[in-house]
Amino acid sequence: MQSLSRRRMLGTGASAALAAAFAQSPLTTFGLADPEEGAVHVPFVDVQPFDPKRRMVKWDELKEWITPSEDLFTVGHYGTPTVDAATWRLEIGGMVKKARTLTLAEIKARPRKEILATLECSGNGAGTGFMGAVGNIRWGGTPLAPLLKDCGLMERGVEVVFYGADQKAEKIRENQYDQHFARSLSREDAMRGDIILAYEMNGQPLNVGHGFPLRLVVPGWYGVAWVKWLTRIEVQDRRFMSKFMARDYVTIRGEEVDGDTIWKETSVSWMNVKSMVGRLMKLKDGSLRFTGAAWNDGTPIESVELQVDGGPWWRARLHKPQPSPYAWTFWSYDWKYPVGGEHSVVCRAADARGVVQPSADDPRIKLKKTYWEASQQHPRRFVV
Ligand SMILES: Nc1nc2c(c(=O)[nH]1)N[C@H]1C(S)=C(S)[C@@H](COP(=O)(O)O)O[C@H]1N2
Ligand SMILES: [Mo]
């Protein structure tokens with residue numbers, strides 16, 4: 001339940017202060033974590049064997065709404081480049097009236113903005129059941145849009161391309177080409193107010209694995225768009241088709257239209273609505289408390305429902321207000337009179353657009369032939 005003072009803070013529109021308070025508070029603030037004395041943790045029995053040194057969200061131990069930086073997964077397709085901050089520069093060029101080269105100090109001198117946003121790899125949960133490639137982080141940096149505006153985008157500039165320092169020779173058709181990791185956004189997407197060039201995560205400088213010294217944070221989009229080790233931003237007058245825009249991270253999905261299946265290839269972009277059962281506690285009164293997270297592209301999460309052993313869907317309690325539309329929201333459900341034995345549990349989230357997270361046999365998943373955008377419901381098993 002919200003406290004009066006929290007409501008008052010909301011009423012005065014002190015949303016930055018509210019977000020900061022949420023960011024620092026453990027789950028107990030939401031009435032979720034280790035709720036009372038005598039509550040015991042019930043481990044899920046479906047836990048996949050994984051390398052304990054592998055960084056990932058450990059759902060069973062999830063107590064903090066903000067993911068500690070040490071637990072955030074990393075993905076680097078071309079390894080981890082070492083960047084010397086002293087000589088590093090960000091270039092902005094292409095179809096701009098005033099090309100610029102900025103040092104890290106110059107970027108840090110620009111207006112500062114913090115944003116709470118969930119980062120998920122679009123391969124999270126695909127096939128392997130590995131569901132730890134997601135995390136909720138407080139990012140600090142400077143907004144992208146005003147910087148692009150200062151450079152004066154030419155009218156024909158419709159595409160903004162972001163290049164990382166990491167590179168590899170890629171075979172494209174018959175030849176090898178040196179390629180930097182790169183992704184683009186349309187001009188319209190790039191000029192959204194809430195995209196930042198981030199130099200901090202959870203109050204610390206970005207570490208090397210997460211893109212030091214500068215990365216793109218595209219709230220609401222899958223991780224592949226969040227280019228790390230950023231070195232160049234280029235505005236161009238036509239669509240950009242790199243490996244990570246147009247060959248990999250391309251979802252092949254069928255849609256049934258009048259008895260025909262239409263196959264579509266789309267570049268991975270904003271996040272689909274998704275949720276996960278995280279933690280299970282047995283309370284002193286014998287009831288079982290399920291807690292977990294739900295997230296998407298920034299559309300408000302409307303509901304999370306829970307189903308045990310294929311029975312009716314139960315509506316979970318959602319933690320409102322969401323401190324940031326782009327950060328995951330926590331939920332909980334108390335099963336008052338649990339039945340002994342082994343059970344399965346699954347959850348599904350729905351958002352304000354009416355989009356419901358699909359089950360594994362939903363056509364949206366069944367007819368998806370690539371593993372990216374694995375947003376299907378993820379069942380778990382436990383023993384009472
Ligand atoms: N330069 C660069 N940026 C990158 C990548 C990369 O390989 N190189 N991988 C992307 C992918 S696929 C994901 S899921 C996220 C992961 O971010 P993290 O390593 O900080 O968790 O970074 C994205 N940004
Ligand atoms: Mo990814």
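Nothing fancy with the numbering, it's 1 onward along the sequence. As a basis for the values below, the full set of heavy atoms in this structure was taken, side chains included, without hydrogen atoms, waters or symmetry mates. Note that the coordinates shown come from a computational prediction; the quantities given were computed from them, not determined experimentally.
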Output the distance between atom [atom1] ([X]) and atom [atom2] ([Y]), rounded to the nearest 0.5 Å.
| X | Y | atom1 | atom2 | result |
| --- | --- | --- | --- | --- |
| Thr101 | Leu90 | OG1 | CG | 8.0 Å |
| Tyr222 | Asp297 | OH | CG | 9.5 Å |
| Arg183 | Trp221 | CZ | CH2 | 6.5 Å |
| Trp139 | Trp226 | CH2 | CH2 | 5.5 Å |
| Thr142 | Leu197 | OG1 | CG | 7.0 Å |
| Ile92 | Leu153 | CD1 | CG | 9.5 Å |

Closest approach of [X] to [Y] (non-hydrogen atoms, all atoms of both residues):
| X | Y | value |
| --- | --- | --- |
| Gly223 | Leu119 | CA-CD1, 3.4 Å |
| Gly157 | Arg187 | O-NH1, 2.7 Å |
| Ala85 | Leu104 | CB-CD2, 4.3 Å |
| Val75 | Cys121 | CG2-SG, 4.3 Å |
| Ile115 | Pro219 | CD1-CG, 3.7 Å |
| Ser184 | Glu159 | OG-OE2, 2.8 Å |

Problem set entry | Ring-ring centroid check Phe240 Phe162, cutoff 6.0 Å | no
Exercise. Do His343 and Trp335 have ring centres separated by under 6.0 Å?
Worked result: yes
Donor-acceptor pair, distance only, cut-off 3.5 Å: does the side chain of [X] make one with the backbone of [Y]?
| X | Y | answer |
| --- | --- | --- |
| Lys113 | Asp194 | no |
| Asp309 | Gly311 | no |
| Asp362 | Arg364 | yes |
| Asn296 | Val273 | no |
| Trp331 | Val277 | no |
| Thr299 | Arg353 | no |
| Trp229 | Thr80 | no |
| Gln357 | Ser375 | yes |
| Ser324 | Ala117 | no |
| Thr251 | Val268 | no |

For this session: Evaluate side chain to side chain contact (heavy atoms under 4.5 Å, CB included) for Leu206 paired with Leu214, printing each intermediate quantity in order.
Result: CA-CA 7 Å; Leu206 279 182; Leu214 196 71; 5.5 Å; no
For this session: Please name the residue in the list Arg315, Arg289, Lys282 that meets the salt bridge (charged side-chain N to carboxylate O under 4.0 Å, His left out) test with Asp334.
Result: Arg289
Determine whether [X] and [Y] fall in the same hydrophobic cluster, where Ile, Leu, Val, Met, Phe, Trp and Tyr are linked whenever their side-chain heavy atoms lie under 4.5 Å apart.
| X | Y | result |
| --- | --- | --- |
| Trp314 | Leu280 | yes |
| Met201 | Ile107 | yes |
| Val158 | Val218 | no |
| Leu318 | Val355 | yes |
| Ile365 | Met271 | no |

Hey, is [atom1] on [X] packed in by over 12 heavy atoms from elsewhere, all under 6.0 Å?
| X | atom1 | result |
| --- | --- | --- |
| Glu170 | CD | yes |
| Lys243 | NZ | yes |
| Glu342 | CD | yes |
| Arg156 | CZ | no |
| Glu188 | CD | no |

For this session: Show your reasoning for whether side chain to side chain contact (heavy atoms under 4.5 Å, CB included) applies to Tyr199 and Leu230.
Result: CA-CA 10 Å; Tyr199 42 80; Leu230 201 59; over 6 Å; no
Would you tell me whether [X] and [Y] have side-chain atoms, one donor and one acceptor, within less than 3.5 Å of each other?
| X | Y | value |
| --- | --- | --- |
| Asn272 | Glu373 | yes |
| Arg279 | Thr291 | no |
| Asn136 | Thr67 | no |

For this session: Apply salt bridge (charged side-chain N to carboxylate O under 4.0 Å, His left out) to the pair Asp361 and Lys366, showing each step before the final yes or no.
Result: CA-CA 6 Å; Asp361 53 18; Lys366 269 248 152 98; 5.5 Å; no
For this session: Determine, stepwise, if the pair Thr118 / Val134 fulfils side chain to side chain contact (heavy atoms under 4.5 Å, CB included).
Result: CA-CA 7 Å; Thr118 294; Val134 57; 3.6 Å; yes
For the residue pair [X] and [Y], establish whether any side-chain heavy-atom pair is separated by less than 4.5 Å.
| X | Y | value |
| --- | --- | --- |
| Ile172 | Arg247 | yes |
| Val42 | Met281 | no |
| His319 | Trp65 | no |
| Met154 | Val235 | no |

Problem set entry | Salt-bridge criterion met for Asp150 and Arg110 (N-O under 4.0 Å) | yes
Problem set entry | Cation-pi geometry met for Arg192 and Trp270 (6.0 Å, 45°) | no
Problem set entry | Test log, rule salt bridge (charged side-chain N to carboxylate O under 4.0 Å, His left out), inputs Lys274 and Glu120 | CA-CA 10 Å; Lys274 189 162 171 180; Glu120 185 191 20; 2.6 Å; yes
For this session: Scan residues 202-217 for pairs that pass side chain to side chain donor-acceptor pair (under 3.5 Å), counting only residues two or more places apart or in two chains.
Result: Ser69-Asn202
Problem set entry | Option from Leu148, Val160, Leu185 for which side-chain contact (heavy atoms from CB on, under 4.5 Å) with Ile195 holds | Leu185
For this session: Could you tell me how the ring of Trp59 sits relative to the ring of Trp328: parallel (under 30°), tilted (30 to 60°) or perpendicular (over 60°)?
Result: tilted
For this session: Could you walk me through whether Val224 and Trp372 pass side chain to side chain contact (heavy atoms under 4.5 Å, CB included), step by step?
Result: CA-CA 11 Å; Val224 69; Trp372 298 289; over 6 Å; no
Problem set entry | CA sep, side-chain torsions, deciding dist, call: Arg112, Glu114, salt bridge (charged side-chain N to carboxylate O under 4.0 Å, His left out) | CA-CA 7 Å; Arg112 189 187 152 74; Glu114 282 199 354; 2.9 Å; yes
